[in-house]
Amino acid sequence: MKFDNIIIGGGLSGLTCGIKLAEQGRKCAIVSSGQSAIHFFSGSFDLLSQVDEQEVKNPLETMNSLPETHPYKRVGLENIAGLADEAPQLLDRAGLNFSGQANHNHFVLTPMGTMKPTWLTLDDFTRFEQKDTFPWKQAVILNFTGFLDFHTLFIKDGLTRFDVKVQIKDIAMEVFEAIRRNPSEMRSTNIAKKFDKGNVIDEFAQKVNELSEDAEVAILPAVFGLFNKTVAAELKKKIKKPLILLPAIPPSVPGIRSQILLRQRFQELGGTYFLGDNVEEGTFGNKRLLDIKTYNHGDIKLEAEQFVLASGSFYSKGIVATPDKLYDPIFGLDIDGDSDRAQWFDEKIFNDQPFMRYGVKTDKHFRALMSGEPIENLYVAGSVLGGANPLKEGSGAGISLLTSLHVAEQILMAS
Ligand SMILES: Cc1cc2nc3c(=O)[nH]c(=O)nc-3n(C[C@H](O)[C@H](O)[C@H](O)COP(=O)(O)OP(=O)(O)OC[C@H]3O[C@@H](n4cnc5c(N)ncnc54)[C@H](O)[C@@H]3O)c2cc1C
């Protein structure tokens, strides 16, 4: 099977790279073995939230101080602002409405009741401009009876530090009784499915209105709109008080919806999405990747002019660590990491962990290196790249989005 471009990995990076290429008329395929980090999505995409233990106010400006090996520096700061404008527009065309600016972090309330700086926030969630104040003095946190994945006491604790008077109340409705009888069924996605059908919204909104009568703001878990993206907006219209949705324990309902919408957009543009297929190896010749072999396709090789490796970091097995080595399990590409295992981690768990910066080595065009030589048509994007600690910096989605759009541009320019 032949394509113009094949992308390995269907996470945020692979999907946005595929969409950009397909929008430019490329015949693309994405091969993805499974779920991605989007299933754990908090509701916001971070660009750069912290550098040298200092909170970042203006990510674009602060990027100047990053090391030359950081993916943002390697994309080139002259390109970053344009790509950061392009990213929300691409997401918007997929039906995902995000707001925020790359030169000014805003804040979101976390499930710990604290404020966190971020770049782009999905419109289900509430943006705040101040981190030290909460705009309301009386809040009610509402949870579904028997839903264990929403930790109301943490939220209450956090909000109390803003001098907010907080009540916690439960909502019981007949429609949730069947899933409530089995605690393993009482999960965010099953609750969301009940709302997707549409006939629950009015009764639920009425209950929320009754329970939030003596509060200024209502807080609920973000379990709305799995397949039906209008649910959260409809609820906000019907609930009389301002409504704040907070992430529950994964799987994330807004995250799964985002993944579905991105995949739909890619397929509507003519892209082919091979779900649940694992890329096992590739054939190389003349410093080029000629084809890839996947588990499901067996002997039917997949060929392309250019390939993109967007297989994620350790979490998605884009890179693997065993007691004696770090490696890319598909091609055995060069890894930017320490060969001495003792240097991989810091015993103090909250310190900057060196292994978080490890990833596949590339040249300046983001082409993968094998034995020190670039593979001419194999590009690398997203969290499989090294050079940053996304957890410490709050830069995960930014790196994934901006490197994938940059790599798509490199491919479009190269052909
Ligand atoms: C659990 C978790 C939650 C996060 N939440 C947030 C957040 O809320 N906000 C934020 O800003 N950042 C967050 N991040 C940071 C995150 O790195 C980025 O946001 C981004 O989603 C990563 O996208 P990616 O496409 O690079 O990798 P991934 O999302 O990891 O996707 C990689 C994909 O490659 C596939 N794959 C791997 N190997 C193969 C193979 N051999 N064959 C075929 N397919 C393969 C995997 O199945 C997966 O679908 C989170 C990270 C993690 C790990």
Side-chain angles (χ1 to χ4, degrees), residues 6-19 29-50 59 71 87 91 98 100 105 108 110-111 116-122 124-125 222 246-256 258-259 262-263 273-282 292-297 302 307-320 327-333 356 359-360 366 379-386 388-405 407:
I6 294 178
I7 296 153
I8 303 165
L12 183 63
S13 194
L15 280 162
T16 49
C17 186
I19 289 171
I30 294 177
V31 188
S32 194
S33 54
Q35 292 186 356
S36 73
I38 313 182
H39 285 243
F40 291 73
F41 175 48
S42 63
S44 294
F45 288 146
D46 302 333
L47 186 57
L48 190 63
S49 306
Q50 187 174 302
L91 296 166
F98 281 85
N105 273 333
V108 283
T110 71
K116 173 181 115 55
T118 193
W119 168 40
L120 293 175
T121 294
L122 189 63
D124 296 31
F125 296 90
L246 290 188
I249 300 279
S252 155
V253 170
I256 297 174
S258 304
Q259 172 102 22
L262 288 170
R263 187 177 141 195
Y273 194 92
F274 295 113
L275 176 66
D277 199 0
N278 198 54
V279 178
E280 296 181 323
E281 58 185 32
I292 53 171
K293 180 177 182 294
T294 77
Y295 181 84
N296 288 351
H297 286 84
L302 305 184
F307 295 82
V308 179
L309 181 70
S311 52
S313 188
F314 295 99
Y315 162 80
S316 289
K317 299 199 173 66
I319 332 170
V320 174
Y327 64 101
D328 136 47
I330 306 176
F331 304 118
L333 298 166
M356 292 296 296
V360 168
F366 285 77
Y379 294 81
V380 185
S383 55
V384 68
L385 285 164
N389 182 341
L391 199 63
K392 198 82 182 158
E393 296 170 357
S395 59
I399 292 174
S400 290
L401 281 166
L402 304 192
T403 57
S404 73
L405 298 180
V407 156

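Whatever order the structure lists them in is the order used to number ligands and atoms, beginning at 1. Both backbone and side-chain heavy atoms feed into the values below; hydrogens, waters and symmetry mates do not.
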Review point. Which residue owns the protein heavy atom closest to atom 30 (O) of ligand 1, what's the atom, and how far is it?
Key: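 Ranking protein heavy atoms by distance from atom 30 (O) of ligand 1, first comes Ser316 OG, 2.5 Å.
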If we only consider heavy atoms of [X], is any one of them less than 4.0 Å away from an atom in ligand 1?
X      : result
Asp277 : yes
Glu280 : no
Ser44  : yes

Report yes if some N/O of [X] lies less than 3.5 Å from some N/O of ligand 1; otherwise report no.
X      : result
Ala37  : yes
Gly34  : yes
Val384 : no
Ser400 : yes

Point to revise | Nearest option to atom 35 (C) of ligand 1, as decided by whichever heavy atom of Gly9, Gly43, Gly398 sits closest | key: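 Of the listed residues, Gly9 has the closest heavy atom.
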Point to revise | Heavy-atom nearest neighbour of atom 44 (N) of ligand 1 within options Ser13, Ser383, Gly312, Ser33 | key: Ser33
Check your understanding: Should Val360 and Leu385 count as side-chain neighbours, where that means a heavy-atom distance under 4.5 Å?
Key -> no
Check your understanding: Hey, are the side chains of Phe274 and Thr294 touching, using non-hydrogen atoms and a 4.5 Å cut-off?
Key -> no
Check your understanding: Once you round to the nearest 0.5 Å, how far does CZ of Phe41 lie from CD of Gln259?
Key -> 11.5 Å
Check your understanding: Under 4.0 Å from atom 11 (O) of ligand 1, do we find at least one protein heavy atom?
Key -> yes
Point to revise | atom 7 (C) of ligand 1 touched by protein (heavy atom, under 4.0 Å) | key: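 It does: a protein heavy atom is found less than 4.0 Å away from atom 7 (C) of ligand 1.
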Point to revise | Ser383 versus Ser400, side-chain donor and acceptor atoms under 3.5 Å | key: no
Practice item. Going by the side chain to side chain contact (heavy atoms under 4.5 Å, CB included) test, name the single residue among Pro390, Ser395, Pro117, Pro59 that passes it with Ser49. Key: Pro117
Check your understanding: Quick one: which ligand 1 atoms are inside 4.0 Å of a heavy atom on Gly11?
Key -> 25 (O), 29 (O), 31 (O), 33 (C), 49 (O)
Exercise for review: Could you tell me which atoms of ligand 1, counted from 1 in the order shown, lie closer than 4.0 angstrom to a heavy atom of Phe41?
Suggested key: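 Answer for ligand 1: 8 (O).
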Check your understanding: What do you reckon, are the aromatic ring centroids of Tyr379 and Phe307 less than 6.0 Å apart?
Key -> no
